[in-house]
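Order of the sequence lines sets the chain letters (A, B, ...), proteins ahead of strands, with each chain counted from 1.
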Amino acid sequence: MINNLREEIRYHEYRYYVLDSPEISDAEYDQLMKKLERLEKENPELITVDSPTQRVGGEPLESFAKVEHSTPMLSLSNAFNDGELRDFANRVYKLAGTREIEFIVEHKIDGLSAILTYERGRYVQGATRGNGIIGEDVTENIRTIRSLPLRLKKDVNLELRGEVYIAKGDFEKINEQRLDRDEEPFANPRNAAAGSIRQLDPRIAAERSLSILVYDLLSYDLEGIDTHSQALNFLIEQGFKVNWHQKCDNIDEVIELCKQWTEERDKLPFEIDGIVIKVNNLALRQELGSTAKSPRWAIAFKFPAQLKTTVIKDIIISVGRTGALTPTALLQAVEIAGSTVSRATLHNEDEIKRKDIRIGDHVLIKKAGDVIPKVVKVIKNKRNGSERIFQMPDSCPVCGGEVAREGDEAVHRCTNVTSCPAQRREGIIHFVSRNAMNIDGVGPALIDQLLDRDLIEDYADLYGLNKDMLLPLDRIGEKSAANVIEAIQMSKQRSLHRLIFALGIRHVGAGVGRVLTEHYHSISNLSRATQEELEQIDEIGPVIAASIVYFFKEIRNQRVIDKLRAAGVKMEEKKVVDNQEKPLQDKKFVFTGGLEKYTRNEAKELVLSAGGKVTSSLSKNTDYLVVGDNPGSKFEKASELGVEILNEEGFDELLGL
DNA sequence: GACCCTCGAGGTCC
DNA sequence: CTCGAGGGTC
């Protein structure tokens, strides 16, 4: 009875939200919902998570959990003109040989992408893209999107991708409402959607009229699905609202469609910033594969950016972590593509000379990718003679140190490496940043205060801070002081590749940090490495090698490292497993409860380095559940699913520790 | 040519 | 968080 009612409601939601053609009036629908709510209230034991009444979850979350994607979510490479579209097609044709190629053309909706997981036909998880590897668990917020089926026609396991957005009409309504409530209106639908999805309170997210269009099916082990268009049709059958798509037999048809939508984009009820072109054949997609950044079987045609004119009021210089002096144009503020632009980077002196940019010039600007402001060119006939030619300073605007341009580098640098306050400041900001030591709660504002009050000189001094030293600072209370100290202490256990990256050696970023970790396993080994030795390593050439040797030769750097060591920062890492054989290749791990020897992150890194994967939610695809103290509900669920359960000892054994 | 490093703008929520 | 440019290295 109650199930029939739910089915009926689901059907009408589908008619209304997915097909846009309701069969009953809103009032009739409301009555059905009220009836279901009453029944569930009277019989709470009958409530299911996929009931239409359960879209808006209960309490706000404390924070979002991290989700590691089963497949990294790459971004698409871009094409800005016909030529680049043809280049793309030619690369595909080359690999396909004599095979016929079909392309599928879709709208590139300007929202944020989401990864949805269904288990046995039930919606179980929604996540943001994040950095492509790890995203945030926004299951409850996505559940509030009315067109999203909580239950599919078939009891299948699915992983799929879609775009969450706010339709233009909904966006205007939201902003009217915000104005009525004396709140600031949102700048544009994309930012509003991005902000809404990151709301901890699903009730607020529910009020933001989010929509979702699905555009990719990830689990392709489904029988009878060989092409992308079949996958999309399957998703339509399962009740999803699927992105518009059209098949093309050759690239000329694709180009024609791109032209058409460039003209007609405004007719759509949502914003699009381009057209996506995908190879239809899934087997061929597999063959084409991906580069580190993007799949080779798809490309995004980006619409030409909107141009505006404005005036360069001034050019200022900022000094980066490496001493680089970067000129930035201060602009007369203008609205462009949904935001106010008042600055644009000019990158370096050559760029300024190339474009002959002067202070006071009228310039044409655009937003690259509809995001990054860029000076396109100077409107020279608007000059009146009052414009001033910009000169790179010959002394550092922050410390007065000498400025030099080394070799044939494009950048000017402050040569006062050891004591330029700007370089020190940026170096510390880098040290605590997300991909480095990831010290939460320590940001530019706090670092400025610490430097101003001489509480720290370099990043190693962070470890000498205590709560009492923080309390007198602005905007710091008991609680946040304790959190900061805790975060600093926790960071001592970060993995070696993060530390190496955090040190701020020039040319050594996150990637090179990992390579060096694999070869040296400790800071002391690395500090003794010679130029020749380093150059032997794949991916390390003379420039990077010299930079590393130079860094460790500097007395000042040696002192900082000694301080880090004395503070107890972890400086070595066991060789985990021989890289040749990864015993846990692609095995999926889930953790529950606290482990004794490792933090969650350390345990995770151990699994990763042995070739395994870590996910946050259990499914029948999970290989091992590692159980620590006070395990959660996953423990029971694992036995139900028949997932192998390990305690900490078993975990060690499996990893050969 | 692929990839990496460094630097950047603007909006939103925590 | 979103997006990206420029210029470097390999």
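- Take the nearest nucleotide of DNA chain C for Leu76(A) and for Glu136(A): the residue whose nucleotide is more 5' is Glu136(A).
- Contacts of Arg208(A) with the nucleic acid, taken as non-hydrogen atoms under 4.0 Å apart, involve only primed sugar atoms and P, OP1 or OP2.
- A cation-pi arrangement is not found for Arg198(A) relative to Phe64(A), the charged atom failing to lie both closer than 6.0 Å to the ring centre and inside a 45° cone about the ring normal.
- Rounding to the nearest 0.5 Å gives a distance of 10.0 Å between OH of Tyr520(A) and CD1 of Ile500(A).
- Residues Phe501(A) and His430(A) bring their aromatic ring centres within 6.0 Å.
- Contact annotation for Asn78(A): backbone-only contact, meaning every heavy-atom pair under 4.0 Å involves sugar-phosphate atoms and none involves a base.
- The stretch residues 339-363 of chain A comes close to DNA chain B through Ser339(A), Thr340(A), Val341(A), Ser342(A), Arg343(A), Thr345(A), each having a heavy atom under 4.0 Å from the strand.
- Remark: P of dC14(B) and CD1 of Ile197(A) are 13 Å apart, rounded to the nearest angstrom.
- Across Lys308(A), Gln306(A), Lys374(A), a single residue satisfies side-chain contact (heavy atoms from CB on, under 4.5 Å) together with Lys366(A), and that is Lys374(A).
- Residue Lys302(A) is in sugar-phosphate contact alone, with no base atom involved, counting any heavy-atom pair closer than 4.0 Å across all strands shown.
- Counting only Watson-Crick or G-U wobble pairs whose defining distances are both under 3.5 Å, the stems of 3 or more consecutive pairs in DNA chain B are B:1-10 with C:1-10.
- Partner of Val484(A) under the side-chain contact (heavy atoms from CB on, under 4.5 Å) criterion, chosen from Leu470(A), Asp440(A), Ile439(A): Leu470(A).
- Leu473(A) is listed as a side-chain neighbour of Leu450(A), based on a closest heavy-atom distance under 4.5 Å.
- Closest contact between the side chain of Lys374(A) and the listed nucleotides dC14(B), dA9(B), dG6(C) involves dG6(C).
- Taken residue by residue, residues 181-192 of chain A places heavy atoms nearer than 4.0 Å to DNA chain B at Phe186(A), Ala187(A), Asn191(A).
- The separation between Ile544(A) atom CD1 and dG7(C) atom C1' is 14 Å, rounded to whole Å.
- Under a 3.5 Å cut-off, the side chain of Arg265(A) and the backbone N or O of Ile272(A) do form a donor-acceptor pair.
- The residue Glu409(A) sits close only to the backbone: its heavy atoms come under 4.0 Å of sugar-phosphate atoms, none of a base.
- Taking atom CG of Leu503(A) as the reference point, atom P of dC5(B) lies 14 Å away to the nearest angstrom.
- One can place CD of Glu406(A) at 11 Å from P of dT9(C), the figure rounded to the nearest angstrom.
- Here the CG atom belonging to Leu179(A) is positioned 11.0 Å from the CZ atom belonging to Arg181(A), to the nearest 0.5 angstrom.
- A heavy-atom distance below 4.5 Å is not found between the side chains of Thr310(A) and Val341(A).
- Note that the CG atom of Leu346(A) and the NZ atom of Lys353(A) stand 13.5 Å from one another [nearest 0.5 Å].
- Here dC4(B) presents its P atom at 11 Å from CZ of Arg514(A), a figure rounded to the nearest Å.
- Between Glu532(A) and Gln536(A), the side chains place no donor N or O within less than 3.5 Å of an acceptor N or O (distance only, hydrogens not considered).
- The distance from atom CD1 of Ile548(A) to atom CD1 of Ile540(A), rounded to the nearest 0.5 Å, is 5.0 Å.
- The existence of a salt bridge linking Asp350(A) and Arg405(A) is confirmed by a sub-4.0 Å separation between a basic side-chain nitrogen and an acidic carboxylate oxygen.
- Salt bridge annotation for Arg190(A)-Asp273(A): absent, with no cationic side-chain nitrogen under 4.0 angstrom from a carboxylate oxygen.
- Residues from residues 108-117 of chain A placing a heavy atom under 4.0 Å of any atom in DNA chain B do not occur.
- Heavy atoms of Arg91(A) sit nowhere under 4.0 angstrom from any nucleic acid atom.
- For the pair Ile166(A) CD1 and dG11(B) C1', the interatomic distance rounds to 13 Å; values are reported in whole Å.
- Residues of residues 314-338 of chain A that place a heavy atom closer than 4.0 Å to DNA chain B, in numerical order, are Ser318(A), Gly320(A), Arg321(A), Thr322(A), Ala324(A), Thr326(A), Thr328(A).
- Mapping Lys367(A) and Gly504(A) onto DNA chain B by nearest heavy atom places Gly504(A) closer to the 5' end of the strand.
- dT6(B) atom P lies 9 Å from atom CZ of Arg506(A), rounded to whole Å.
- Remark: Lys168(A) NZ is packed, more than 12 non-hydrogen atoms of other residues, nucleotides or ligands lying under 6.0 Å away.
- In this structure, Gln199(A) does not reach the dT12(B) phosphate: none of its side-chain N or O atoms is under 4.0 Å from OP1 or OP2.
- We find the CD1-CZ distance between Ile109(A) and Phe270(A) to be 4.5 Å, quoted to the nearest 0.5 Å.
- Distance Leu74(A) CG to dA2(B) C1': 14 Å, rounded to the nearest Å.
- The stretch residues 412-431 of chain A participates, sequence neighbours left out, in these salt bridge (Lys or Arg N to Asp or Glu O under 4.0 Å) pairs: Glu409(A)-Arg413(A), Arg425(A)-Asp448(A).
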